[in-house]
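Structure first, commentary second.
Side-chain atoms are counted along with the backbone in the values below, which use heavy atoms only and exclude waters and symmetry mates.
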Amino acid sequence: MRVFLGIMLPEALWGAVAALQAELGCGRPVAGEALHLTLLFLGDLELPELERLHEDISALPVAPFEVTLAGLDVIEGGDRTRALVLKLRAHPGLEALQAKLAQAARRAGLALERRRFRPHVTIARFNRGLTETQAARLGHLLESRGDVVLPAWRVGGFSMLRSHLTRAGAEYEVLADYPEAPWPAK
C-alpha cells in the first residue's frame, strides 16, 4: 500500500483554494476533499509494517496548534514545473509533530527518504511542460496573489492515508485517525 501521514485541509478553506484554482485557470486542480499537508511520506508498505507504525504513533501525544497557509510557490522536477502549492508558515508545533512521526517510523524499521520537511498543500498539478499560455497564467497568479494568506486553522491530530493513483489523479483513503491527546499533553 502507498501510504503517508498527513493532515487534511478543513472544508472551511476549500472555497478559498477553489478561488485561487479558478484564477489560475490551467493545470489539474486538486479537489477539496483531497487537499492535504503531507507530514511524512512512507511509500509502499506491507501490513505488518503499517501495524508496527500504527502501534507506535497511536501512543504519541499530539498537542493542538494553529497553522496558516501563506504564500504561493511552485514545485519543479527535472526540467518542468510540476505543481502549484500553498506554503505553510513555520510553526514549532508542526515541526515537532513531523519530527516525532519520523522518529516513530524509524523505530518501526521504515526507511525514510532523506529530504528536508517543506510543509505545503498542493492545489494544482501540471502534466508535461507548461504551454506558453499556462506559463503566463501561472506567472500572473504568482505575481498578483503570491503573498496570499488564508485563515489559520487548528490542527488537533493527523491521519494515516492510503493513496490510490488513478487516471484522474490520486484518491485518498483514511486508514486511521490520530486525534489530539487530552490536554495538557505530557
Could you pull out every donor-acceptor pair under 3.5 Å between side chains of residues 28-41 and any protein atom, sequence neighbours left out?
unit_1: Arg28; atom_1: NE; unit_2: Asn127; atom_2: OD1; d: 3.4
unit_1: Arg28; atom_1: NH2; unit_2: Asn127; atom_2: OD1; d: 3.3
unit_1: His36; atom_1: ND1; unit_2: Ala34; atom_2: O; d: 2.9
unit_1: His36; atom_1: NE2; unit_2: Thr38; atom_2: OG1; d: 3.2

Are Phe117 and Leu53 linked, directly or through other ILVMFWY residues, by side chains that come within less than 4.5 angstrom of each other? yes

Test: Glu23 and Arg145 ion pair at under 4.0 Å: yes

On a heavy-atom basis, the closest approach of Leu101 and Leu60 is CD2-CD1, 3.7 Å

Side-chain (His164) to main-chain (Arg162) donor-acceptor, under 3.5 angstrom: no

Do Ile75 and Leu20 share a hydrophobic cluster, counting only Ile, Leu, Val, Met, Phe, Trp and Tyr and linking them when any side-chain heavy atoms are less than 4.5 Å apart? no

Would you check, one step at a time, whether the test side chain to side chain contact (heavy atoms under 4.5 Å, CB included) holds for Val174 with Met160? CA-CA 6 Å; Val174 175; Met160 180 183 289; over 6 Å; no

Would a single hydrophobic cluster contain both Leu13 and Val67, if residues Ile, Leu, Val, Met, Phe, Trp and Tyr are joined by side-chain heavy-atom contacts under 4.5 Å? yes

Looking only at the side chains, is there a donor atom on one of Glu66 and His91 sitting less than 3.5 Å from an acceptor on the other? no

Minimum heavy-atom separation for Gly27 and Gln134, please, with both atom names. N-NE2, 4.3 Å

At what distance, to the nearest 0.5 angstrom, does CZ of Arg114 lie from CZ of Arg116? 15.5 Å

Given the options Leu142, Val85, Leu24, Asp147, Leu72 meets side-chain contact (heavy atoms from CB on, under 4.5 Å) only with Leu142

Stepwise side chain to side chain contact (heavy atoms under 4.5 Å, CB included) check, His54 with Tyr178: CA-CA 9 Å; His54 172 72; Tyr178 304 93; 2.7 Å; yes

Taking all heavy atoms of Val62 and all of Gly157, pick out the closest pair and write down the distance. CG1-CA, 4.0 Å

Side chain to side chain contact (heavy atoms under 4.5 Å, CB included) between Leu112 and Arg106, intermediate numbers included: CA-CA 7 Å; Leu112 302 177; Arg106 288 186 188 97; 3.9 Å; yes

Is the closest side-chain heavy-atom distance between Leu47 and Met1 below 4.5 Å? yes

For Glu11, is the CD atom crowded, meaning more than 12 foreign heavy atoms sit under 6.0 Å from it? no

Write down the atom of Phe4, the atom of Ser163, and the distance for their closest heavy-atom approach. CE2-CB, 4.3 Å

Counting neighbours of CD on Glu51 that are heavy atoms of other residues, nucleotides or ligands and sit closer than 6.0 Å, is the number greater than 12? yes

Verify same cluster id: Trp14, Val155 (apolar side-chain graph, 4.5 Å): yes

Can you name the closest pair of heavy atoms from Ile57 and Phe158 and give their distance? CD1-CE1, 3.9 Å

Can you confirm whether Arg80 is buried at CZ, in the sense that more than 12 heavy atoms of other residues, nucleotides or ligands lie under 6.0 Å from that atom? yes

Does Leu88 reach the side chain of Thr68, with side-chain heavy atoms less than 4.5 Å apart? no

Donor-acceptor pair, distance only, cut-off 3.5 Å: does the side chain of Glu49 make one with the backbone of Glu46? yes

Could you tell me if the side chain of Arg125 sits less than 4.5 Å from the side chain of Leu84, heavy atoms only? no

From the options Leu94, Ile7, Leu69, select the one residue that forms a side-chain contact (heavy atoms from CB on, under 4.5 Å) with Pro119. Leu94

Any link between Leu9 and Tyr172 through a network of hydrophobic side chains (Ile, Leu, Val, Met, Phe, Trp, Tyr) touching at under 4.5 Å? no

Please determine whether side chain to side chain contact (heavy atoms under 4.5 Å, CB included) holds for the pair Leu161 and Leu175, giving the CA-CA distance in whole Å, both sets of side-chain angles, and the decisive distance to 0.1 Å. CA-CA 5 Å; Leu161 299 124; Leu175 300 175; over 6 Å; no

Closer than 3.5 angstrom, by distance alone: can the side chain of Arg52 be matched with the main-chain N or O of Ala108 as a donor-acceptor pair? yes

Taking the basic N atoms (NZ, or NE/NH1/NH2) and the acidic carboxylate oxygens, is any pair closer than 4.0 Å for Arg107 and Asp56? yes

